[in-house]
Amino acid sequence: MAKALKKLPGVLSFQRCLMVTDALFFNVFADGSISPLPVVRHGIRGTQNINKSGTKDKEGASAKSAPREEVSNIQTTDSAKLDPMAEKLRVRFDVRFLDLSSALFACAPGKTDDMEDLTAFRQGLTAFIDKGKESAGMTELACRYARNLANGRFLWRNRAIAEYVSVRVRDRAELDARFDALQVPLNTFDSYSEAEKAVAERIAAGLRGQRDVSLLVEADVDFGVRGALEVFPSQNYLENKAKGFARPLYCVGEASKNQDKHSVQERGQAALRDQKVGNALRTIDTWYPGYGERGLAIPVEPNGASLDAQLFFRNEKKISGFGYMLRAGDMDPDTPEGMFLMACIIRGGVFSESA
């Protein structure tokens with residue numbers, strides 16, 4: 001049994017073992033050709049639709065002096081739409097899985113940390129990682145990541161409105177797996193198909209350090225209609241937004257020069273941010289206490305943070321990634337707790353604890 005520790009080191013961080021690129025958007029035409037799908041900035045005249053709480057007392061105001069409510073809502077906004085001649089949307093990204101042994105980035109004592117405790121922690125963590133790489137728990141994690149490639153979860157809202165989604169996963173060798181994404185479960189992780197297992201075998205090999213594993217993922221999304229249909233890349237957070245500006249969308253590349261400033265302007269190629277894709281791939285936590293009641297997988301986060309639910313599902317330290325990390329030397333990588341801790345290490349991040 002490993003030495004019982006009271007706190008994590010004052011400096012403790014892990015690098016990601018799951019490296020993801022931005023997911024770029026393309027138009028797909030009937031002849032199989034593709035073109036980058038742009039984000040465009042334009043003006044719109046909408047209507048004011050505000051859920052008002054309470055009403056102002058306007059009794060006594062004459063018709064002449066009563067305030068007139070504005071009905072129009074004139075805005076500048078970004079949008080992304082398929083080319084009018086396109087048949088499908090294609091979303092493309094690369095993902096690479098790194099050796100779990102390279103995950104530990106920094107481990108150093110804080111001002112009050114005991115060096116003997118730090119040494120014991122490092123030894124316990126290293127032993128856990130070594131056991132984890134060869135465990136059945138690692139195989140299960142790889143299958144879960146593979147399922148989230150196969151089911152197209154990374155498409156987010158685009159998946160929700162699709163009629164048909166085809167996902168293709170390839171490596172630099174012989175792997176070429178294809179999936180009918182809408183038929184692959186989102187919230188259960190069992191009964192894996194042979195194609196999912198083939199992808200998982202590559203993922204596990206990368207995490208075990210057996211070979212360099214980089215996968216090219218492409219999803220073709222058919223929305224069941226033809227024409228300039230709106231699709232949904234990531235949005236940008238914008239602080240102190242200018243009045244009358246609705247939303248900026250995420251795009252890559254440079255905007256075309258010499259565009260007419262009084263017309264629709266292209267901003268760059270639409271894309272989903274790498275963080276959003278990564279969040280989808282690591283939505284594999286069905287071990288948290290509330291899963292039996294909710295039936296929904298959540299992203300692997302040390303405190304079980306879920307943006308959808310606006311809740312922390314692992315807020316108690318004993319069931320959090322931080323609590324499990326403290327006991328890493330005694331963790332079994334084949335248990336739900338051990339698999340969650342491995343997934344936290346793969347996720348990366350800062351686990352430092354102050355006095």
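If you read the sequence from its start, that first residue is 1, and numbering goes on from there. What you see below is based on every heavy atom in this structure, not just the backbone, and it leaves out hydrogens, waters and symmetry mates.
- No side-chain N or O of Y164 forms a donor-acceptor pair with one of Q183 less than 3.5 Å apart.
- Closest of all the heavy-atom pairs between R122 and C107 is NH1-O, 3.3 Å.
- A donor and an acceptor atom, one from each side chain of T21 and R96, are nowhere located under 3.5 Å apart.
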Check the pair E353, K317 against salt bridge (Lys or Arg N to Asp or Glu O under 4.0 Å), reporting the backbone distance first and the verdict last. CA-CA 12 Å; E353 186 174 0; K317 186 167 184 178; 3.0 Å; yes

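- Follow the hydrophobic side-chain contacts under 4.5 Å out from V167 and you never reach L24; the two are in separate clusters.
- Taking OG of S214 as the reference point, atom CZ of R172 lies at 4.5 Å (rounded to 0.5 Å).
- Counting only heavy atoms from C-beta outward, the side chains of L216 and R168 never approach each other to under 4.5 Å.
- No side-chain donor-acceptor contact under 3.5 Å links N303 to the backbone of N315.
- The 12-atom threshold is not exceeded at CD of E293, counting heavy atoms of other residues, nucleotides or ligands nearer than 6.0 Å.
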When you look at V231 and L82, which way does the side chain to side chain contact (heavy atoms under 4.5 Å, CB included) test go after all the steps? CA-CA 7 Å; V231 295; L82 288 169; 4.1 Å; yes

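- You'll find the side chain of L215 reaches within 4.5 Å of the side chain of L149, heavy atoms only.
- Counting heavy atoms from C-beta outward, F154 and N148 have side chains that stay 4.5 Å or more apart.
- If you take OH on Y250 and CG on D22, they are separated by 3.5 Å, rounding to the nearest 0.5 Å.
- Atom OH of Y291 sits in a crowded spot, with more than 12 heavy atoms from other residues, nucleotides or ligands closer than 6.0 Å.
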Tell me, with the steps shown, if M339 and M138 meet side chain to side chain contact (heavy atoms under 4.5 Å, CB included). CA-CA 7 Å; M339 286 188 284; M138 175 64 79; over 6 Å; no

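- Side chain of T188 to backbone of P185: no donor-acceptor contact under 3.5 angstrom is found.
- Under the 6.0 Å distance and 45° angle rule, R314 does not count as a cation-pi partner of F322.
- Using a 4.0 Å cut-off between charged nitrogen and carboxylate oxygen, K131 and D332 do not count as a salt-bridge pair.
- Looking at I319 and F313, their side chains never come closer than 4.5 Å, going by heavy atoms from C-beta outward.
- Using modelled atom types, one finds a donor on one side chain and an acceptor on the other under 3.5 Å when comparing S33 with D31.
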Where do R144 and T283 land on the side chain to side chain donor-acceptor pair (under 3.5 Å) test, with the steps shown first? CA-CA 9 Å; R144 291 183 176 225; T283 301; over 6 Å; no

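- Here the side chain of Q15 pairs a donor or acceptor atom with the backbone of S102 at under 3.5 angstrom.
- Remark: the Q123 side chain and the T126 side chain contain no N/O donor-acceptor pair separated by less than 3.5 Å.
- Among all heavy-atom pairs drawn from K133 and S101, the shortest one is NZ-OG, 2.8 Å.
- In terms of heavy atoms, P233 sits closest to A271 at CB-O, 3.2 Å.
- A salt bridge links R147 with E196: at least one charged nitrogen is closer than 4.0 Å to a carboxylate oxygen.
- In plain terms, the two heavy atoms of L104 and S13 that are nearest each other are CD1-O, 3.7 Å.
- R294 and Y288 share a side-chain donor-acceptor pair at under 3.5 Å.
- Taking the charged nitrogens against the carboxylate oxygens, R327 and E337 have no contact shorter than 4.0 Å, which rules out a salt bridge.
- A salt bridge links R211 with E201: at least one charged nitrogen is closer than 4.0 Å to a carboxylate oxygen.
- Surrounding CZ of R92 are more than 12 heavy atoms belonging to other residues, nucleotides or ligands, all under 6.0 Å away.
- Residues P38 and Q269 fail the side-chain proximity criterion, which asks for heavy atoms closer than 4.5 Å.
- Rounded to the nearest 0.5 angstrom, I129 CD1 and I345 CD1 are separated by 4.5 Å.
- Using a 4.5 Å cut-off between side-chain heavy atoms of Ile, Leu, Val, Met, Phe, Trp and Tyr, with links allowed through other members, F26 and V40 fall into different hydrophobic clusters.
- Annotation: side chain of L182 is not in contact with side chain of E163 (no heavy-atom distance under 4.5 Å).
- A 4.5 Å side-chain heavy-atom check between K7 and D113 finds at least one atom pair inside the cut-off.
- Looking only at atom types and distance, the side chain of T139 has a donor-acceptor partner in the side chain of R208 under 3.5 Å away.
- Taking each heavy atom of G321 and L341 in turn, the nearest pair found is O-CD1, 4.1 Å.
- Under the 3.5 Å distance criterion, with hydrogens and angles disregarded, a donor-acceptor pair is assigned to the side chains of N27 and S35.
- The shortest distance between side-chain heavy atoms of W156 and F232 does not fall below 4.5 Å.
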Are E301 and D285 close enough, and set up right, to give a side chain to side chain contact (heavy atoms under 4.5 Å, CB included), and what steps lead you there? CA-CA 9 Å; E301 301 283 353; D285 184 3; over 6 Å; no

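- Linking ILVMFWY side-chain heavy atoms closer than 4.5 Å, directly or via other members, places V199 and I346 in a single hydrophobic cluster.
- Distance CD1/I203 to NZ/K197: 14.5 Å, rounded to 0.5 Å.
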Would L18 and V95 satisfy side chain to side chain contact (heavy atoms under 4.5 Å, CB included), going step by step from the backbone distance to the final call? CA-CA 7 Å; L18 194 162; V95 56; 3.9 Å; yes

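- In this structure, R347 is not positioned above the aromatic face of F14 in the sense of NZ or CZ being under 6.0 Å from the six-membered ring centre and within 45° of the axis.
- For E316, the CD atom counts as loosely surrounded, since its 6.0 Å shell holds 12 or fewer non-hydrogen atoms of other residues, nucleotides or ligands.
- Cluster annotation: L249 and V252 are assigned to distinct hydrophobic clusters (Ile/Leu/Val/Met/Phe/Trp/Tyr, side-chain heavy-atom contacts under 4.5 Å, transitive).
- Judged purely by atom type and a 3.5 angstrom limit, D334 uses its side chain to pair as donor or acceptor with the backbone of G137.
- Taken to the nearest 0.5 Å, the OG atom of S306 stands 7.0 Å off from the CG atom of L311.
- K88 and D222 are not joined by a salt bridge, as no carboxylate oxygen comes within less than 4.0 angstrom of a charged side-chain nitrogen.
- Neither V184 nor L281 shares a network with the other; the hydrophobic side chains, linked directly or stepwise wherever heavy atoms of I, L, V, M, F, W or Y lie under 4.5 Å apart, form separate groups for each.
- Smallest separation of non-hydrogen atoms from A146 and A200: CB-N, 3.8 Å.
- Distance CG/D220 to CD1/I34: 9.0 Å, rounded to 0.5 Å.
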